[in-house]
Amino acid sequence: MRLATWNVNSLRVRLGQVRQWCRERRPDLLALQETKLEDAAFPAEDLREDGCRSLYAGQKTYNGVAILDRLAITPTDVVTALPGLDDPQRRLLAATYGDLRLVNVYVPNGAAVGSDKFAYKLDWLARLRDFLAGELQRHERLAVVGDFNIAPEDRDVHDPDLWAGSVLVSPPERNAFRELLDLGLHDAFRLFDQPEASYSWWDYRAGAFRRNLGLRIDHILISEALRQRCTACYIDREPRTWQRPSDHAPVVAEFAD
DNA sequence: ATGGTCGTTGGACGA
């Protein structure tokens, strides 16, 4: 089973790339973030031509999450928001595929440490932690994937001194990420040997991708039962080299049946 | 080099 996550920064712009990537890489499940599409505009029929079912929770202009699958089994227990959070921002989508529970998140960016958006980010992460605590009790095989907008460690940052204390790397954010792991989740990427300077996001500006000035902020977190079955996890940089790319690369994890 | 780039949108704002 191949599971992937990709912040596409507008599915309208990136639809052709998503379809091409799915045809080439054949993920069984692909979680998308920043679709930036109202549900009425979601290209479900185009994706169905490639054999993909779609679940989506979107809004106009901002945010928006979706899960594509090519599985025989129908998803159940779909959740489109954090319980108890009355929030128009579409940032979470969860569904059960057989014995796998998948939670797809687009964590708030946070703008700048100390800002209102930063407080919203930390509150959102605290509510996510509470939600996942329950999900872990209900589902032995749980995967939490998406754009977390947090680089967990200095090795996930191209220049830790430059970034020290900034949004995406600050101690409160890293503590919130650690609290997710402390629930009993594993960072799938770090279960395996990885290349030095592995990142999943590069700013569009200043030739950041060409110079590999990036951050690893997109993650696949898995429960212990899934960890035992995980056979690989990697970042696929290729789509970031394509014309008019997303600023994020897909992250992929593979599991034994 | 005191900016640089995208996407959405039709002027900024978010990232």
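A, B, ... follow the sequence lines: proteins, then strands. Residue 1 opens every chain.
Closest approach to the K117(A) side chain among dT8(B), dA15(B), dT5(B) is made by dA15(B) (side chain taken as heavy atoms from C-beta onward). The side chain of A206(A) lies closest to dG4(B), out of dG7(B), dG4(B), dA15(B). The side chain of R12(A) sits closest to dT8(B) out of dT8(B), dA15(B), dT5(B).
We find that CG of D147(A) is positioned 17 Å from P of dG14(B), with the value rounded to whole Å. Protein atom CG of D203(A) is 17 Å distant from nucleotide atom P of dG14(B), rounded to whole Å. Distance, I150(A) CD1 to dA15(B) C1': 16 Å, rounded to whole Å. Taking atom CG of residue L168(A) and atom C1' of nucleotide dG14(B), one finds them 13 Å apart after rounding to whole Å. Following rounding to the nearest Å, D116(A) (CG) and dC13(B) (P) show an atom-to-atom distance of 15 Å. Rounded to an integer number of Å, the gap from CG of L11(A) to P of dG7(B) is 13 Å. Between E34(A) atom CD and dT8(B) atom C1' the separation is 11 Å, expressed in whole Å. For N63(A) and dC13(B), the CG to C1' distance is 13 Å, given to the nearest whole Å.
Rounded to a whole angstrom, the distance from the C1' atom of dG4(B) to that of dA15(B) is 15 Å. For the P atoms, the distance from dG14(B) to dG10(B) is 14 Å, rounded to whole Å. Spacing between dA1(B) and dT5(B) at atom C1', rounded to whole Å, works out to 16 Å.
The side chain of R244(A) places no N or O atom within less than 4.0 Å of a non-bridging phosphate oxygen (OP1 or OP2) of dT5(B). Contact annotation: S10(A) reaches the phosphate of dT8(B) (side-chain N/O to OP1 or OP2, under 4.0 Å). Within the structure, every side-chain polar atom (N or O) of R205(A) is placed at least 4.0 Å from both OP1 and OP2 of dA15(B).
Nearer the 5' end of DNA chain B, as judged by each residue's closest nucleotide, is the contact made by R14(A), out of R14(A) and A111(A). When the nearest nucleotides of DNA chain B are assigned to N149(A) and K60(A) by heavy-atom distance, the more 5′-ward of the two goes with K60(A).
When L92(A), T35(A), N63(A) are each tested for a side-chain contact (heavy atoms from CB on, under 4.5 Å) with Y106(A), only one passes: N63(A). For the pairing with Q20(A), the side-chain hydrogen bond (donor to acceptor under 3.5 Å, both in side chains) check across R23(A), E24(A), Q17(A) returns one residue only, E24(A). Each of N9(A), N7(A), N104(A), D147(A) was evaluated against Q33(A); a single residue qualifies, N104(A), per the side-chain hydrogen bond (donor to acceptor under 3.5 Å, both in side chains) test.
Residue-level contact check: Y106(A) touches the backbone only, with heavy atoms under 4.0 Å from sugar-phosphate atoms and none from bases.
R216(A) has no carboxylate O lying under 4.0 Å from a charged side-chain N of E153(A), or vice versa, which leaves the two without a salt bridge. A salt bridge between E45(A) and R48(A) is absent, with no side-chain N of the basic residue lying under 4.0 Å from a carboxylate O of the acidic one.
In this structure, dG10(B) shows a glycosidic angle more than 90 degrees from zero, which is the anti conformation.
Heavy atoms from other residues, nucleotides or ligands lying under 6.0 Å from CD of Q137(A) number 12 at most.
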